[in-house]
> 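Sharing a structure, written as structure tokens. Questions coming.
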Number of protein chains: 2
Amino acid sequence: MRLIVARCEVVYTGRLNAFLPEAVRLLIVKADGSVLVHDDAGGYKPLNWMAAPSRIEDAGDRLVVRRPKTEDVLEIRLVDVLSDVTHDMGESAALQKDGVERHLQEELAATPAALGEGLTLVRREWPTEVGPVDLMCRDGDGEWVAVEIKRVATIEAVEQLMRYLDFIRVDPAKAGCRGVLAAQSIKPQAATLADSRGIRCVEVDLALLRGEREPELTLFTA
Amino acid sequence: MRLIVARCEVVYTGRLNAFLPEAVRLLIVKADGSVLVHDDAGGYKPLNWMAAPSRIEDAGDRLVVRRPKTEDVLEIRLVDVLSDVTHDMGESAALQKDGVERHLQEELAATPAALGEGLTLVRREWPTEVGPVDLMCRDGDGEWVAVEIKRVATIEAVEQLMRYLDFIRVDPAKAGCRGVLAAQSIKPQAATLADSRGIRCVEVDLALLRGEREPELTLFTA
DNA sequence: ACTTAGATTTCGCCG
DNA sequence: CGGCGAAGTCTAAGT
């Protein structure tokens, strides 16, 4: 990894055109060819960048980064190099995560009643012609219930569930299938659309779900 | 900006939990308190990070970054510091972009006739219950026309426009409202779906639109 | 290889 | 400040 701190000017042309006037910035050239231009503020997104794979042309006072097979070009004019060091970073190690949508699905699959009275799970990832439904359940009356799960539910989630329902209901045995949208957070306009489509919304909390199952678990471990 | 290259272990807890096993990585501490943990490969997204504003606790062999008012905590255990330098970056300079959807919308708002014979603009960002329509126009016969604008139009764009139309047409005065999808590039599947939904597709070219109005208006033609 | 959907999405605008 | 939509989205998984 090469780290350059320099007064520079940056031009990107490709899917759009972008220009950075002369200023002091951090340039990162990664081992795989990725190039990042960072400011001393702002979020994690670089001001400008080029993804790997790339071909880098280093003319000393000018770095030209091209992405093969595309029109993308990142051109960095180095006006004043304040620092230029290279580090060998050796072996890497992958990130481990917990708490993403899949985990919410696991908890709800284990406790479908949290989504409504008398709900029982039939299958996770129930396949339809347009993709898998997160949970397929039946309610106390034996009616089918398709559940779409999101961490944050937007209008897109409602449309996704509607697509599934359209195909599920083609089967006469499931013509009365209901839809439930479950999420940690549901956007108001998503709720509005869901309502107009006859889809019920349920806000759920992952920590709470895990906490609520704990007593049952202690019954067996005690 | 502080740049640390170190063998380290990183734990994030907040919206989810994430863990990075011990390895050599680049740590960036920006002037505004943002902290980024970068690997020597991969895109511009850090493996782990914390956005500003943050409070940083530096115990030498341990950096603890907290985000006030949230539960977010980023904890970095420094096992072996290979480099630790700080640079004063001085004044910043903002990024200038050209060619995004907004520019396309501006041009089409100024020249709605490019979308069809006799079209006149009524309003940009016309509000509906499920979001704003990019352009609301009327045609030569006085009929309403809702326009959705994209840089690249996919099936999603067609569904988005259909969503708007469903709500717009509830008003009897706009029951005959037509839909037009305008984009620099329209995916074949999107065009097919649009056709089946009675939505007209128009491919437009930003440079051409500008050329028709003011030949030398773009940022980087000089 | 291409498409689909998630993301600690981030970012910017507008209320 | 929150909601909504775009993004050079990126990225990983399934087909």
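This one's a predicted model, so the numbers in the text were calculated from it and none came from an experiment.
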> B/Gln105 has an atom CD; how far is it from atom C1' of C/dC13, in whole Å?
12 Å
> Sequence neighbours left out, cut at 3.5 Å: what donor-acceptor pairs do the side chains of residues 90-102 of chain A make with other protein atoms?
unit_1: A/Ser92; atom_1: OG; unit_2: B/Asp39; atom_2: OD1; d: 3.4
unit_1: A/Ser92; atom_1: OG; unit_2: B/Asp39; atom_2: OD2; d: 2.6
unit_1: A/Asp98; atom_1: OD1; unit_2: A/Arg210; atom_2: NH2; d: 3.4

> Does the protein touch nucleotides 1-6 of chain D at the base, only the backbone, or not at all? Give it as B, S and - per nucleotide, heavy atoms under 4.0 Å.
--SSSS
> In whole angstrom, give me the gap between the C1' atoms of C/dT10 and C/dG6.
14 Å
> Using a distance-only test with no angle check, is there a side-chain donor-acceptor pair under 3.5 angstrom linking B/Gln160 and A/Glu159?
no
> Would you mind checking if B/Asp58 and B/Arg2 are paired as a salt bridge, meaning a charged N to carboxylate O distance below 4.0 Å?
yes
> Residues from residues 4-39 of chain B sitting under 4.0 Å of DNA chain D, heavy atoms only?
none
> Produce the list of close N/O pairs, under 3.5 Å, pairing protein atoms with atoms of nucleotides 11-15 of chain D; give distances to one decimal.
unit_1: D/dT11; atom_1: OP1; unit_2: B/Gly43; atom_2: N; d: 2.9

> Mind checking salt bridge (charged side-chain N to carboxylate O under 4.0 Å, His left out) for B/Glu75 and listing every partner two or more places apart, or none if nothing turns up?
B/Arg62
> Quote, to the nearest angstrom, the C1' distance that separates C/dA7 from D/dA6.
15 Å
> For the CZ atom on A/Arg123, are there more than 12 heavy atoms of other groups (residues, nucleotides or ligands in this structure) within a distance under 6.0 Å?
yes
> What is the distance, rounded to the nearest whole Å, between atom CD of B/Glu129 and atom C1' of C/dG15?
17 Å
> Determine the stems involving DNA chain D; a stem requires 3 or more consecutive pairs of the Watson-Crick or G-U wobble kind, each with both distances below 3.5 Å, and the answer is none if no such run exists.
C:1-7 with D:9-15, C:9-15 with D:1-7
> For B/Lys150 and B/Gln184, does a side-chain donor sit closer than 3.5 Å to a side-chain acceptor?
no
